[in-house]
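One is the number of the first residue; the rest follow in order along the sequence. These numbers were taken from a predicted model, which means no experiment stands behind them.
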Amino acid sequence: MPTIIVVGAGVSGITCAYELAKRSKDNVITVVAKHMPGDYDIEYASPWAGANVLPMATEKDSRWERRTWPQLEHLAKEVPEAGIHFQKSRVLRREKDIVNGQCESPLSDGLFHPDPWYKTLLPDFRELSKTELPTGYHSGCEFTSVCINTMIYIPWLVGQCAKLGVVFKRATLKHISEAKKLSHTGKPADIIVNATGLLACRLGGVMDSKVHPARGQIVVVRNESGEPAEQGTGTMMVTTSGNDDGEDQLTYVMQRAVGGGTILGGTYQKDNWDANPDPNIALGIMKRTVEIMPELTGGKGIDGLDVIRHGVGLRPYRDGGVRIEKENVDGTWVVHNYGHAGWGYQGSYGCAEKVVELVDEIAGPLNSVWDAPPPIHIQAINLALDIANGRHPLSKLIPAALLLLDTLLCALVIWKVPYTEIDWKAYMEQISQYVSGERDYTKIYGSTGPLVYPAFHVYIYTALYYLTDHGKDIFLAQQLFAMLYLTTLSIVMICYWQAKVPPYVFPLLILSKRLHSIFVLRCFNDCFAVLFLFVSILCLQRRRWQLGALFYTLGVGIKMTLLLALPAVGVVIFLGTASLAKSLELLVMMVAVQVLIGVPFLAGNTWGYLGRAFELSRQFFFKWTVNWRFVGEERFLSKEFAVALLGLHVLTLGVFITTRWLKPARKPVVEMIMPVICGEAPFAQHEEEQVKRGVTPRYIMTAVLSANVMGLLFARSLHYQFYAYLAWSTPFLLWRSGVHPVVQYALWFAQEWAWNVYPSTNASSAVVVSVLAATIGLVWWGAKEDWEPKNTPAGAKTVAGKR
């Protein structure tokens, strides 16, 4: 039962106490410090920090930050009371700072490296395109980070320590050995942890001459760069490699969680102990930050800043880097942990982990029951849960493993399950007429009826016609469709991964019996339409708006079912470009592509082509319907029923558009209507970047797939092949709804059962409609953070500074 004294109550000391207390219930821990949470003193750095995660180390010395990020990410996701939230962060490299291909900065060469090590650590990392860079900048990158409200986080950390039995005591030490007598138990300390930060240069027994202050001056304002978002989609942190005001002047902006204000910085003045804010420096900070982020003041310049207060903090800089090692001082082991400069918060858990290792080396193995490893079956369950939820390195292998498994499954299906003829023969009959020169859609027929698909369907199946010996080589056709299935599945998995879907959802992507049948046993054209839909989503997720629009309109050119997603695609492009002109340009392009691919048939019989390829009044047979059978044939065929479904579809679309899809615009719909009607830009220049940032990969996928499923819900008749549009949409939307994974799987299996009942029954059709309705309702209710970033309480007053 070692008695441990932690000297220092900053973030490093308290995190060490917390980790040591978690390590063993036998550790008796007292935190001793001159300054405690709630104090403000120039010697006490932690309350002045911003703080955020911007990796400072080189790859060689990156352990502390690598090991800390998972802990802070967990707190931001799961523990809102800790005062940490996600934010997108942009790191900008100036042209002037590029020397021999490297970016030199007084803040950190590691942070501004052109090929940074942290690109594999922090989520959503990407290099910025040239069009996204401000004037004078060579390059930059963007990633998801966190910002910490230190006024909330440090007290939360103290509370966690107190729950584990850690005791806090005030004391002023002249020599590190004095700590030995300060345990709350009255017993002499076995081990002392020295986390004194800047005071390590003055503390007897340490007196580290390598420790210096690095003065940081900041301005705290009420202005916000946006609205905090659950997954970093609202606010933006910005940091630049340098400026023209001096090497010790920095430029950065961050917005603290839960109303902590926005931090404008800053300085990095070594060996400067001045505790008083310099008004000239403050003016320079405000000018630089408003210049790099004009949306802070809505284009009003620094006069638009609402200042809460000015602050100065001293970072505990150490020549040669942080000191984490053990040393025997006057017969007592001391574990040093100080000299973190400006990265104390973002390295806190990694450094504390090393402190625990050193304490264990000194104290010997801890053999208490508390530290005994859990039973093997518990370890196995925990490992499985970590992998399933994306918390383990093996998580990344799940999609590839499932893809390989499904490859074998497709081969087995083709080998063992007889091919089912439904539309393939009709497709080939229609194509044979096309290749014979017929261009009048009203005259092209197959055994199941007329040609009713747009022109791009004809071109794709013409290629298949020649590849399969005029459609006779069914085995080859099945192999080609198996390849199509696996290609589409790969694209779907990439889209899911871009949207941060946990691995436990992925098995649902390969489990559908009906979906395999649609692809490899029936060779429907819906398979190609689904491929183009998800390729379009992937392009939109990667902000390739033109490519996304192109692939989407080509998908519509295969089957008009994809028109169901058009409202969401339009909103995504409108907000993603934040430009009415650009959106209209892409709309014209999509229409032009439809005209271009339809030219041979439009020339032959314009209205015949449009009437057949895009027929909106087609009435399906009741006997084939999968969804609304339970209402009865008479009602199913009635005009009133069709009008009711159309009305409900329009109403639900309106609700989603106004209450969900347009929320990233951060302004009422009515304020956008008049500019759009008048052909004017709906967003001011300073609003555009803010709006664009709200259009994240997850938002895009949620919007497009919810529109798709919504259209299927209100379709009067769905045939079995329409499951192709649903099978890969439902798992994502059920996950986004936030319901328990057991409920997600239950709803999915209910859906799968219903779509495999042939012929459909009243019960199966009711289940089909019920699951579709539940999916849409749950997404509208549960995926709010995808649409509307949460507002922070106004008027909160805190003091902050760059770490």
Do the side chain of [X] and the main chain of [Y] share a donor and acceptor less than 3.5 angstrom apart?
X	Y	result
Q594	T553	yes
Y496	F732	yes
S760	T625	yes
R543	V695	yes
R716	F636	yes
R514	W755	yes
S395	I387	yes
T262	N223	yes
Q721	I518	no
Q541	C495	yes

Roughly how far, to the nearest 0.5 Å, is [atom2] of [Y] from [atom1] of [X]?
X	Y	atom1	atom2	result
F524	Y720	CZ	OH	11.5 Å
E224	R256	CD	CZ	13.5 Å
L645	H649	CG	NE2	10.5 Å
K663	F656	NZ	CZ	13.5 Å
R544	C539	CZ	SG	8.0 Å
L515	L489	CG	CG	8.5 Å

Can you name the nearest heavy-atom pair linking [X] to [Y], along with the distance?
X	Y	answer
I657	W661	CG1-CE3, 3.3 Å
S512	W748	N-CH2, 3.8 Å
V253	M293	CG1-SD, 3.9 Å
C527	F519	CB-CE2, 3.2 Å
V53	S145	O-OG, 2.6 Å
S583	F574	OG-CA, 3.1 Å

[X] atom [atom1]: more than 12 heavy-atom contacts under 6.0 Å:
X	atom1	answer
M483	CE	no
K513	NZ	no
R126	CZ	yes
E127	CD	yes

Check your understanding: Taking it one step at a time, do W780 and T652 satisfy side chain to side chain donor-acceptor pair (under 3.5 Å)?
Key -> CA-CA 10 Å; W780 185 86; T652 308; over 6 Å; no
Exercise for review: Scan side-chain atoms only and decide if D124 and T144 contain a donor-acceptor pair under the 3.5 Å cut-off.
Suggested key: yes
Check your understanding: Tell me, do N149 and I84 make a side-chain contact under 4.5 Å, heavy atoms counted?
Key -> no
Exercise for review: Test the K559-F532 pair against the cation-pi criterion, namely NZ or CZ under 6.0 angstrom from the six-membered ring centroid and within 45° of the ring axis.
Suggested key: no
Practice item. Would you please indicate if the ring centroids of F534 and Y725 are separated by under 6.0 Å? Key: no
Practice item. Output, in order, the C-alpha distance, side-chain angles, deciding distance and verdict of ring pair (Phe, Tyr, Trp, His ring centres under 6.0 Å) for F528 and F481. Key: CA-CA 9 Å; F528 286 98; F481 270 80; 5.5 Å; yes
Practice item. Kindly assign one of parallel, tilted or perpendicular to the pair Y485 and H516, based on the angle between their ring planes and the thresholds 30° and 60°. Key: tilted
Practice item. Anything under 30° is parallel, anything over 60° is perpendicular, the rest tilted; go ahead and classify W69 against F86. Key: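 If you compare the ring of W69 with that of F86, the planes turn out perpendicular.
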Review point. What residues, two or more places apart in sequence or in another chain, satisfy ring-ring contact (aromatic ring centres under 6.0 Å, His included) together with Y459?
Key: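 Y459 satisfies ring-ring contact (aromatic ring centres under 6.0 Å, His included) with no residue once adjacent residues are dropped.
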Point to revise | Short N-O contact, E132 and K692, less than 4.0 angstrom | key: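 No, no charged N to carboxylate O under 4.0 Å.
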Review point. Partners of S139 by side-chain hydrogen bond (donor to acceptor under 3.5 Å, both in side chains), sequence neighbours excluded?
Key: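 So S139 forms a side-chain hydrogen bond (donor to acceptor under 3.5 Å, both in side chains) with R93.
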